[in-house]
Number of protein chains: 2
Amino acid sequence: MNTKPKSQYNERSACESCGVRQLCLPVSLDGEALSLMDDLVKRRAPMKKGDYLFRTGDKFKSLYAIQYGSMKSYGLTVGGKEQVTGFHLTGEVLGMDAIDEDEHHCNAVALEKTEVCELPFTALETLQNEVPSLQRDLNKIMSREIRRDQHMLLMLGSTTVEQRMARFLLNLYERLQKRGASDNTLNLSMTRQDIGNYLGVAFETVSRQLAHMQDKGILEIKNRNIHLLDIETLGAIAG
Amino acid sequence: MNTKPKSQYNERSACESCGVRQLCLPVSLDGEALSLMDDLVKRRAPMKKGDYLFRTGDKFKSLYAIQYGSMKSYGLTVGGKEQVTGFHLTGEVLGMDAIDEDEHHCNAVALEKTEVCELPFTALETLQNEVPSLQRDLNKIMSREIRRDQHMLLMLGSTTVEQRMARFLLNLYERLQKRGASDNTLNLSMTRQDIGNYLGVAFETVSRQLAHMQDKGILEIKNRNIHLLDIETLGAIAG
DNA sequence: CGGGGGGTTGATACATGTCAAGCGATGTGG
DNA sequence: CCACATCGCTTGACATGTATCAACCCCCCG
């Protein structure tokens with residue numbers, strides 16, 4: 001049904017709503033280039049909680065930009081245990097780890113109802129040749145991902161669990177702020193288990209740390225909603 | 001003295017010896033492109049232990065490829081404490097975190113006598129336009145860096161220190177193997193303190209863990225030389 | 001309504017951080 | 001070239017934080 005040229009316009013809307021403009025920011029594309037870009041963006045059927053976007057070993061085809069929802073990525077240790085490597089929020093790009101060896105090196109699974117835009121990579125590379133500014137943008141997006149990961153490393157390097165927890169929460173907070181969140185509430189889509197796995201602590205410890213922070217008046221817990229009350233103190237704990 | 005065109009040939013040699021061919025691998029450049037590439041690579045004076053390659057806030061100008069030696073990169077927490085984010089060995093590329101916002105976000109300091117090649121980034125981007133394969137290579141290099149960092153995250157996510165230690169050692173081992181190391185000896189250029197900081201444990205614990213592994217016959221410690229005796233067991237501990 | 005997964009909380013053992021002392025290697029200045 | 005100072009490393013003792021096991025509750029979903 002979507003074979004008519006007009007359908008491209010649908011995709012274009014899709015693209016814009018999925019935030020390609022935001023994602024690629026600072027996107028320096030002019031109208032024409034943007035249109036070319038829009039043409040290559042594919043929509044994907046919405047995923048429900050637990051659906052996989054890709055798995056370890058899958059052939060690399062596309063980058064994915066999260067339109068709404070959230071995902072987690074994880075690898076398996078040699079022992080076969082799950083090891084969470086990251087959480088991905090609306091507006092962020094996944095799959096860049098796969099460019100090098102042409103296959104994915106982690107599993108990406110939706111934590112809630114989630115929709116992504118697909119950016120076929122060969123098309124992206126071709127377009128890169130025609131539009132130098134796109135090449136710059138892609139470099140920047142990848143650079144940002146590198147910085148994000150290194151920031152995480154910095155986060156996890158702390159000795160005390162309280163610090164890691166504080167840094168984790170602040171990190172989520174900042175990422176949401178960047179996306180235009182107005183209030184101080186984090187709607188965690190991941191389980192305590194995921195958080196603990198990610199931070200390298202037992203999930204009971206996550207629970208206790210949160211409770212402790214609540215006691216100190218730093219935040220308020222309502223199931224998976226964390227309302228941050230005292231961001232300054234949280235920052236002080238983070239170090 | 002080096003103003004004659006011939007001097008470019010020196011630089012070319014420099015480039016090759018610094019491993020641009022290796023670094024950019026799979027480098028698909030043909031002779032002409034490689035020559036262009038060589039032209040843009042700059043040599044840098046050797047650094048001695050403690051010299052800085054760049055610091056947080058420095059304007060981003062170049063990527064750097066380590067010709068020989070090793071470096072560590074670290075950031076500062078809000079509290080002003082050092083937080084090691086990575087160790088970089090011969091043949092690896094630094095500085096990619098800075099592309100996005102045009103300034104460096106960490107400090108890079110030599111851990112021993114070290115020499116790097118400088119790859120001025122604007123020149124690299126220009127050349128990228130002329131040589132599409134270079135663009136692919138750069139994408140791949142950045143992708144590899146992303147994967148490296150995510151692998152580290154996976155490493156640090158474990159609860160037991162023994163595991164982290166094992167993963168750390170194996171990681172170094174693998175990186176050296178890739179660079180053609182033949183024996184199983186790690187010549188650590190970083191202090192126990194750096195390792196502890198990086199792994200999020202007290203440096204005394206690093207010391208004890210190593211001693212413990214030595215007791216079990218997994219490795220042999222001679223100051224900063226770690227001779228791996230039983231890599232299988234080490235892998236089993238790593239999980 | 002029942003079941004199950006996720007979350008909290010408590011008790012206990014153990015691992016790790018911290019403080020402290022001493023050792024060894026390295027480099028510097030006399 | 002040696003002596004000394006310094007830094008890095010190891011090892012011990014102790015207190016504390018965290019993992020682990022277990023019981024229970026809550027909420028969501030079927």
Side-chain angles (χ1 to χ4, degrees), chain A residues 48-50 70 72 79 81-84 87 109 111-113 156-166 168-169 186-216 219-227 237 239, chain B residues 48-51 70 72 81-84 87 109 111-113 156-166 168-169 186-216 219-227 237 239:
Chain A
K48 62 181 189 302
K49 181 175 163 183
S70 56
K72 80 169 173 185
K81 273 193 283 191
E82 194 174 313
Q83 186 74 254
V84 177
F87 301 109
V109 60
L111 291 169
E112 58 190 320
K113 191 179 163 197
L156 296 185
S158 72
T159 332
T160 77
V161 174
E162 191 183 27
Q163 261 188 5
R164 282 190 229 175
M165 197 67 218
F168 171 72
L169 292 173
L186 309 176
N187 289 306
L188 303 182
S189 56
M190 70 291 285
T191 66
R192 303 282 194 269
Q193 195 134 189
D194 285 334
I195 298 173
N197 185 309
Y198 179 60
L199 296 180
V201 298
F203 69 92
E204 294 97 326
T205 304
V206 172
S207 195
R208 273 187 259 263
Q209 285 291 342
L210 285 173
H212 188 225
M213 286 178 173
Q214 183 171 231
D215 290 347
K216 292 210 280 182
L219 47 77
E220 207 171 7
I221 309 169
K222 265 190 206 147
N223 302 319
R224 291 197 180 174
N225 287 13
I226 309 281
H227 189 68
I237 294 172
Chain B
K48 62 179 189 303
K49 182 175 163 184
D51 285 351
S70 56
K72 79 169 174 186
K81 275 193 283 192
E82 194 174 314
Q83 186 74 254
V84 178
F87 302 108
V109 60
L111 291 170
E112 58 190 322
K113 191 179 165 199
L156 296 184
S158 73
T159 33
T160 79
V161 174
E162 192 184 26
Q163 259 187 8
R164 281 189 230 176
M165 199 65 219
F168 171 73
L169 292 173
L186 309 177
N187 289 305
L188 302 183
S189 55
M190 70 291 286
T191 66
R192 304 282 194 267
Q193 193 131 195
D194 285 334
I195 298 172
N197 184 310
Y198 179 60
L199 296 180
V201 299
F203 71 92
E204 295 96 328
T205 304
V206 172
S207 196
R208 271 187 260 263
Q209 286 292 342
L210 285 174
H212 187 227
M213 285 178 173
Q214 182 171 232
D215 290 346
K216 292 210 280 184
L219 46 79
E220 207 171 10
I221 309 170
K222 264 191 208 150
N223 302 320
R224 291 197 181 173
N225 286 14
I226 309 282
H227 188 68
I237 293 172

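By convention in this document, chain letters (A, B, ...) are assigned in the order of the sequence lines, proteins followed by strands, and residues within each chain are numbered from 1. What you are looking at is a predicted structure, and each value in this text was computed from that prediction instead of being measured. What's counted below: heavy atoms across the whole structure, side chains too, no hydrogens, waters or symmetry copies.
The side chain of B:Q209 contributes no N or O atom lying less than 4.0 Å from OP1 or OP2 of C:dA15.
To the nearest angstrom, C1' of C:dG17 lies 12 Å from NZ of B:K81. Whole-Å rounding puts the B:K222 NZ to C:dA25 P distance at 12 Å. The separation between A:L210 atom CG and D:dT18 atom C1' is 15 Å, rounded to whole Å. For B:K113 and C:dG27, the NZ to P distance is 14 Å, given to the nearest whole Å. Atom CG of B:L111 is separated from atom C1' of D:dG8 by 14 Å (rounded to the nearest Å). The separation between B:E162 atom CD and D:dA19 atom C1' is 15 Å, rounded to whole Å. With rounding to whole Å, B:Q214 atom CD is found 13 Å from D:dC9 atom C1'. For the pair A:Q163 CD and C:dG17 P, the computed distance is 13 Å after rounding to whole Å.
The side-chain hydrogen bond (donor to acceptor under 3.5 Å, both in side chains) test applied to B:Q214 returns no partner, not counting sequence neighbours. Listed by chain and residue number, A:T185 satisfy the side-chain hydrogen bond (donor to acceptor under 3.5 Å, both in side chains) test with A:H227 (two or more places apart in sequence, or in another chain). With sequence neighbours excluded, the residues that form a side-chain contact (heavy atoms from CB on, under 4.5 Å) with A:E112 are A:S70, A:T114, A:S189. Residues meeting the side-chain hydrogen bond (donor to acceptor under 3.5 Å, both in side chains) test with A:T205, sequence neighbours left out: none.
For the helix from C:dC1-D:dG30 to C:dG30-D:dC1, the axis fitted to the five pairs at one end and the axis fitted to the five pairs at the other end meet at an angle of 50° (nearest 10 degrees).
Summary of the strand contacts: B:G200 and A:V206 both lie near DNA chain C, and taking for each the nucleotide with the nearest heavy atom, the more 5' one is attributed to A:V206. Both A:T160 and A:S207 lie close to DNA chain C; mapped to their nearest nucleotides by heavy-atom distance, the more 5′-ward contact belongs to A:S207. Comparing A:E204 and A:V161 by the nucleotide of DNA chain D that holds the closest heavy atom to each, the one mapping nearer the 5' end is A:V161.
When each of C:dT9, D:dT11, C:dG17 is scored by its nearest atom to the side-chain atoms of A:A211, the top-ranked nucleotide is C:dT9. If you check C:dT8, D:dT20, D:dT18 against the side chain of A:F203, the one that comes closest is C:dT8.
At least one side-chain heavy atom of B:M213 sits less than 4.5 Å from a side-chain heavy atom of B:L169. With a 4.5 Å cut-off on side-chain heavy atoms, A:T159 and B:V201 do not count as touching. Within the 4.5 Å cutoff, the side chain of B:D194 has no heavy atoms near those of the B:L188 side chain. The shortest distance between side-chain heavy atoms of A:I237 and A:K216 falls below 4.5 Å. Residues B:R224 and B:L186 are not in side-chain contact: their nearest non-hydrogen atoms beyond the backbone lie 4.5 Å or more apart.
Under 3.5 Å, the side chain of B:R208 and the base of C:dT18 form at least one donor-acceptor pair of N or O atoms.
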With 3.5 Å as the limit, what N/O pairs link the protein to nucleotides 3-6 of chain C?
from, atom 1, to, atom 2, distance (Å)
C:dG6, O3', A:R224, NH2, 3.4

Take B:M165 and B:Q209 through the side chain to side chain contact (heavy atoms under 4.5 Å, CB included) test and state the conclusion after the steps. CA-CA 7 Å; B:M165 199 65 219; B:Q209 286 292 342; 4.1 Å; yes
